[in-house]
Amino acid sequence: MKKNDNGIKMPLATQRIRKILIAVDLEKNSENLIMYSIVVTKSILCEYTLLHYHREKILDSKNVEKVNLLLQKVKNVYNVDVKSVFGQEIATEQISAKITELHSIEHFDTIVIGTSNTPNSWKMGSVSTQILRKVPANILVVPPYISLAFPQNISILADTQQKADIEKLTAFNRYISQFSVFINFVFFVDSKEDLEEKQKAMRQYQTFFEANFTFNFILQAVRNLPNFLTKIEETLCESAVIAWNEDFMNVEQNSTNFPCSPQISIFYSKSSEPAENAFRLETPLR
């Protein structure tokens, strides 16, 4: 993190506990999903809640043991306790409604979900798509078999068409500025005038981040999620961040599936925060 233009250190942000909900189905990728959630958030003070959903009226003894073993492993490996555990019989079409209900009570900062992507496909499963579209919270989508390490190369859609989109990146920019990672800012550009406008935004980022960043431009292409995913595949990034925008995400409305990446985690930011708050450093607590 740099000092500001006057050489003054940036002030610390007010610390608060971040509330994370991790939703799993107790299938084979559940452990990796929980562990990855801890890996990417453990440097700040977080409160974790586990929601495990199943289709039987009563959770059988094998799954009870599975939940207990998962919680114990999190404790053993990361010295982290999961604060609350909800076990719920939920039909597939009701999962997003249940998560929305919990969110309305607990006001989670981020909800972590898995996706059953298949190789060479950008399609998320229908349940993950439903959660992503309907739950009004930040969503971290994690594909199966992801490496349990903090991503070192992250692509951020930093488009400036709407001020609200930039404000949805404020908290993430503040968080990621603490880490020695390579940031790739991606812009859609339609014209020379548009490029000049984007360059103003680039100068703002240059005052905030150190040298580990670059910029990529998607030239004269439709501004949509598939084109963004195609571009960042070229950069070999390990994770991506997108400010949620209904117009930008308006793809294949009649489809039950949503495009994602089968190989990297994607953070969809839905919570806005004034851009000037980005210069308030979030000090790691762990």
Side-chain angles (χ1 to χ4, degrees), residues 12-56 58-90 94-115 127-128 130-132 134-142 146 148-151 171-172 174-176 178-179 239 265-271 273 282-286:
L12 299 182
T14 302
Q15 291 292 349
R16 66 179 179 85
I17 297 175
R18 296 323 196 259
K19 302 176 77 171
I20 312 293
L21 174 69
I22 308 167
V24 300
D25 58 7
L26 297 182
E27 298 300 325
K28 60 182 179 180
N29 295 320
S30 293
E31 178 179 322
N32 221 41
L33 179 62
I34 296 170
M35 293 299 188
Y36 186 80
S37 305
I38 307 297
V39 165
V40 297
T41 59
K42 65 181 181 178
S43 65
I44 57 175
L45 188 60
C46 290
E47 183 179 278
Y48 299 97
T49 296
L50 177 66
L51 169 65
H52 59 87
Y53 47 90
H54 51 91
R55 291 167 180 79
E56 304 83 12
I58 300 175
L59 192 65
D60 63 39
S61 58
K62 288 184 179 179
N63 280 331
V64 170
E65 182 180 7
K66 191 181 295 184
V67 171
N68 292 333
L69 287 173
L70 283 173
L71 298 179
Q72 188 59 51
K73 189 164 186 178
V74 169
K75 178 68 174 177
N76 293 343
V77 175
Y78 297 113
N79 194 30
V80 168
D81 290 305
V82 174
K83 174 181 176 284
S84 303
V85 179
F86 294 95
Q88 189 78 34
E89 177 203 3
I90 310 176
Q94 297 174 329
I95 292 173
S96 66
K98 181 61 182 180
I99 292 177
T100 300
E101 177 189 333
L102 286 173
H103 176 60
S104 70
I105 299 168
E106 298 290 341
H107 306 291
F108 296 106
D109 291 278
T110 297
I111 294 169
V112 187
I113 60 174
T115 182
V127 175
S128 299
Q130 185 184 58
I131 295 169
L132 181 59
K134 294 186 176 182
V135 179
N138 297 330
I139 306 287
L140 176 61
V141 179
V142 182
I146 195 164
L148 294 180
F150 196 95
F172 180 81
R174 183 173 64 227
Y175 172 66
I176 203 63
Q178 309 165 59
F179 300 95
S239 185
S265 61
I266 300 182
F267 179 70
Y268 293 90
S269 178
K270 297 184 179 183
S271 300
E273 188 175 340
E282 189 80 59
T283 303
L285 293 183
R286 296 188 199 278

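What you see is a predicted model; the values in this text were computed from it and never measured. Along the sequence shown, residues carry numbers from 1. Heavy-atom basis, side chains included; hydrogens, waters and symmetry copies ignored.
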- Message: Could you measure the distance from the CZ atom of Phe108 to the OG1 atom of Thr49? Nearest 0.5 Å is fine.
- Response: 4.5 Å
- Task: Going by the side chain to side chain contact (heavy atoms under 4.5 Å, CB included) test, name the single residue among Val24, Leu26, Ile95, Ile99 that passes it with Tyr53.
- Result: Ile95
- Query: Should Tyr36 and Val112 count as side-chain neighbours, where that means a heavy-atom distance under 4.5 Å?
  - Reply: no
- Query: Just checking, any donor-acceptor pair under 3.5 angstrom between side chains of Ser37 and Tyr48?
  - Reply: no
- Query: How far apart are the C-alpha atoms of Leu70 and Val74, what are their side-chain angles, what is the distance that settles it, and do they pass the side chain to side chain contact (heavy atoms under 4.5 Å, CB included) test?
  - Reply: CA-CA 6 Å; Leu70 283 173; Val74 169; 5.7 Å; no
- Task: May I ask you to decide if Ile146's main-chain N or O and Asn32's side chain share a donor-acceptor pair within less than 3.5 Å?
- Result: yes
- Item | Distance in Å, Leu50 CG paired with Ile22 CD1, rounded so as to fall on 0.5 Å steps | 6.5 Å
- Do you know the tightest heavy-atom contact between His103 and Pro136? NE2-O, 3.2 Å
- Message: Ignoring hydrogens, what is the shortest heavy-atom contact between Leu33 and Ala23? Give both atom names and the distance.
- Response: CD2-O, 3.3 Å
- Query: Would you say Lys270's side chain and Val135's backbone share a donor-acceptor pair under 3.5 angstrom?
  - Reply: yes
- Under 3.5 Å: donor-acceptor pair, side chain of Thr110, backbone of Ile20: no
- Query: Is there a side chain to side chain contact (heavy atoms under 4.5 Å, CB included) between Val40 and Leu140 once you walk through the steps?
  - Reply: CA-CA 10 Å; Val40 297; Leu140 176 61; 4.1 Å; yes
- Query: Do Arg18 and Ile44 touch side chain to side chain, with heavy atoms closer than 4.5 Å?
  - Reply: yes
- Query: Does the side chain of Gln72 come under 3.5 Å of the side chain of Asn76 through a donor N or O and an acceptor N or O?
  - Reply: yes
- Taking everything shown except Lys75 itself, do over 12 heavy atoms lie less than 6.0 Å from its NZ? yes
- Item | Lys42 side chain vs Tyr78 backbone, donor-acceptor pair below 3.5 Å | no
- Item | Verdict with supporting geometry, Ser239 and Phe150, side chain to side chain contact (heavy atoms under 4.5 Å, CB included) | CA-CA 9 Å; Ser239 185; Phe150 196 95; over 6 Å; no
- Query: Between CD of Glu106 and CG of Leu51, what distance do you get to the nearest 0.5 Å?
  - Reply: 11.5 Å
- Within-4.5 Å side-chain heavy-atom neighbours: Gln94 and Lys98: no
- Roughly how far, to the nearest 0.5 Å, is the CG atom of Asp25 from the CD1 atom of Ile113? 11.5 Å
- Item | From CZ (Phe86) to CD (Glu101), nearest 0.5 Å | 9.5 Å
- For the atom pair CD1 (Ile38) and CE (Met35), what is the distance rounded to the nearest 0.5 Å? 8.0 Å
- Query: Does Lys19 offer a backbone N or O that forms a donor-acceptor pair with the side chain of Asp109 under 3.5 Å?
  - Reply: yes
